Amino acid sequence: MARDYKREYANYHSKPEQRKRRSNRNLARRLMKKKLGVKAVAGKDIDHKDKNANNNSRSNLRVRSKSSNRADNR
């Protein structure tokens, strides 16, 4: 069964709360690129230590491999 991307976007991705969360995740990535450099962040995930994507303080962010970050989070 093929995914209906248009319906998926309308039902989930376009909602204001989801757009805000995505914006905060992107902001965290930009902050870490600025702090550590592009090469240090390439191919890795930015992890929020307290699992709160809205808390983008530098002490709460760390760079982790995709496999370890996605296995550890909810």
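In what follows, residues are counted from 1 in the order of the sequence shown. Just so it is clear, the model here is predicted, and its values are computed rather than measured.
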With rounding to the nearest 0.5 Å, note down the distance linking [atom1] in [X] to [atom2] in [Y].
| X | Y | atom1 | atom2 | answer |
| --- | --- | --- | --- | --- |
| Lys35 | Ile46 | NZ | CD1 | 10.0 Å |
| Arg64 | Lys49 | CZ | NZ | 10.5 Å |
| Asn52 | Ser57 | CG | OG | 9.5 Å |

Nearest heavy-atom pair of Ala28 and Asn56: which atoms, and what distance?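 Looking at all heavy atoms of both residues, the shortest contact is CB-OD1, 3.4 Å.
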Looking at Leu61 and Asn55, what are the two nearest heavy atoms and their distance?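 In terms of heavy atoms, the two residues are closest at CD2-O, 4.4 Å.
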State which residues pass side chain to side chain donor-acceptor pair (under 3.5 Å) with Arg62; sequence neighbours excluded, sorted by chain then number.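 Partners of Arg62 under the side chain to side chain donor-acceptor pair (under 3.5 Å) test: Asp47.
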With sequence neighbours left out, what residues match Arg30 under side-chain contact (heavy atoms from CB on, under 4.5 Å)?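 By the side-chain contact (heavy atoms from CB on, under 4.5 Å) rule, Arg30 matches Asn26, Leu27.
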Listing request: all side chain to side chain donor-acceptor pair (under 3.5 Å) pairs with a residue in residues 4-15, at least two apart in sequence or in separate chains.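 The answer is Arg3-Glu8, Glu8-His13, Tyr12-Gln18.
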Lys51 vs Asn60, test: side chain to side chain contact (heavy atoms under 4.5 Å, CB included). Steps then yes/no. CA-CA 9 Å; Lys51 309 296 186 232; Asn60 187 46; over 6 Å; no
Take His48 and Asn54 through the test side-chain hydrogen bond (donor to acceptor under 3.5 Å, both in side chains) and record every step on the way to the result. CA-CA 9 Å; His48 293 83; Asn54 293 323; over 6 Å; no
Looking at Asp45 and Arg29, is any side-chain nitrogen of the basic one under 4.0 Å from a carboxylate oxygen of the acidic one?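 Salt bridge flag = no for Asp45 with Arg29.
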